[in-house]
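Quick notes on the structure that follows.
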Amino acid sequence: MARPKPTVTPAGAARQAYRVAPGVAEAVARYVLPERLGFGLVTAPVMYRADWAEGEWGAGTLTPYGMIEIAPGARALHYSELVFEGLKAYRVGRDWPNLFRPLDNWRRLARSAERLAMPVVPEALFLEALDAVAGACAPVIPGRSGQALYLRPFLFGTESGYLLRNSTTFSFMVIANPVEAYASGALRVTIERADVRAAVGGVGATKAAANYAPSLRASSAALARGYTVALWLDAREHRLIQELSGMNLFAVFGGALHTPSLDGAILPGITRDSLIALARDQGLEVVERPLPIDELLAAIGDGRCSEVFACGTAAIVAPIGVLAEADGREHAPRAVDVVAARLREALLAIQERRAPDPHGWTRDVARPPAA
Ligand SMILES: *Cc1c(COP(=O)(O)O)cnc(C)c1O
């Protein structure tokens, strides 16, 4: 069967500015930030959308947040023809927000789209969408340290049909959520030794929606047992640590930071990459290597591994309090949130522009074009 040809719109191609639909200013003016934000529970007042048809992207539109219509047979719904991103806009102690490494999110979205043979969202369109949503929401972005506006860009196939090929029509959207500092204590992790999240050659290294469905059974079981999240092992031998369902993992051995090397199925987290750089800036040794689960548990047992933590845009850096087997045996690192706390503060200070940004990671949200 002939593969559909991926249709790639050149990155950075000049394009027309987005439209602002009626009601956007009113939706922002009416918006009241609730007391409790949680993570993804509260929606921002606006959203952005651009559609792709006949080989090109149409102009984007910023609208009040609301329901969308989708054909019940759309391939996004049946075949998971959907890729997404996640990043935050920070506005701590200032009136205008900044983003953190948005071009890395764009590059990853492009790689995800290419893996699924979907059209690539041009860099300019991606940035325009983030600027439109974060700019319009600026007055309602919560401003305490740790709080942010979480931005969720996503690209999905909208054409109906059961033939196993790509859609010929797509939508790119950005929705957003004001979010709280993630502070639910140390993570309680279950080691998943039966189910598999992602195999080399599959889509694990991309932010494809298809990665998360296989993790739901283990996640739900973990929650039902009083744990927070599942830890995934490699698909072939169930021996090497991959990552948590939505976070990468680090372990502290002596003075060094160890993290599983990207094996082709692990999601290359931007937080992971940032922590590696920050740790090296601080003079810490960082080792990327295959990390067997049994070695980690033995090292926690005899103290060679003092601390384990997770990282991702949502949680930033989250300490791990315990790793548990299905039979209930628990392994608790002796230190919780020591190295993790130091790295979290260093990263957050850059993200929130409270510290110098030697790597040039932050970027101002563009001011909206004058009306
Ligand atoms: C998004 C995600 C991460 C973290 O990536 P960041 O770029 O740091 O937010 C890690 N693992 C999985 C499976 C993810 O989906």
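Order of appearance sets the numbers: ligands from 1, and atoms from 1 within every ligand. A quick note: this is a predicted structure, and the numbers were derived from the prediction, not measured. Computed over heavy atoms, backbone and side chain alike; hydrogens, waters and symmetry mates excluded.
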Is it true that [X] and [Y] make a salt bridge, defined as a side-chain N closer than 4.0 Å to a carboxylate O?
{"X": "Asp294", "Y": "Arg193", "answer": "yes"}
{"X": "Arg354", "Y": "Glu345", "answer": "yes"}
{"X": "Arg217", "Y": "Glu192", "answer": "no"}
{"X": "Glu243", "Y": "Arg197", "answer": "yes"}
{"X": "Glu330", "Y": "Arg188", "answer": "yes"}

For [X], take its heavy atoms, then give the atoms of ligand 1 lying under 4.0 Å from any of them.
{"X": "Ile270", "value": "6 (P), 7 (O), 8 (O)"}
{"X": "Tyr212", "value": "13 (C), 14 (C), 15 (O)"}
{"X": "Ser245", "value": "13 (C)"}
{"X": "Gly269", "value": "5 (O), 6 (P), 7 (O), 8 (O)"}
{"X": "Arg108", "value": "5 (O), 6 (P), 7 (O)"}
{"X": "Arg197", "value": "13 (C)"}

Among protein heavy atoms, which lies nearest [atom], and at what distance?
{"atom": "atom 9 (O) of ligand 1", "answer": "Thr313 OG1, 2.6 Å"}
{"atom": "atom 1 (C) of ligand 1", "answer": "Lys207 NZ, 1.4 Å"}
{"atom": "atom 8 (O) of ligand 1", "answer": "Thr271 OG1, 2.6 Å"}

### Task
Report yes or no: do Phe253 and Leu323 belong to one cluster of Ile/Leu/Val/Met/Phe/Trp/Tyr joined by side chain heavy-atom distances under 4.5 Å?
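Result: yes, single cluster for both.
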### Message
So is Ser274 touching ligand 1 or not, going by heavy atoms under 4.0 Å?
### Response
no
### Query
With respect to atom 3 (C) of ligand 1, which of Cys311, Gly246, Ala315 exhibits the smallest heavy-atom separation?
Gly246
### Task
Inspect the surroundings of CD in Glu54 and state if more than 12 heavy atoms from other residues, nucleotides or ligands are less than 6.0 Å away.
no
### Task
With heavy atoms only and a cut-off of under 4.0 Å, state how Leu267 meets ligand 1: side chain, backbone, both or neither.
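Within the 4.0 Å criterion, Leu267 contacts ligand 1 through side-chain atoms alone.
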#### Entry: Ser215 and Trp232: CA distance, side-chain angles, deciding distance, side-chain hydrogen bond (donor to acceptor under 3.5 Å, both in side chains) verdict
CA-CA 9 Å; Ser215 75; Trp232 298 95; 5.1 Å; no
### Task
Please report the C-alpha distance between Glu295 and Arg289 in whole Å, then the side-chain angles of each, then the deciding distance to 0.1 Å, and finally whether the salt bridge (charged side-chain N to carboxylate O under 4.0 Å, His left out) criterion is met.
CA-CA 12 Å; Glu295 179 196 334; Arg289 65 170 174 103; 2.8 Å; yes
### Within-cut-off N or O pair, Glu243 and ligand 1, under 3.5 Å
yes
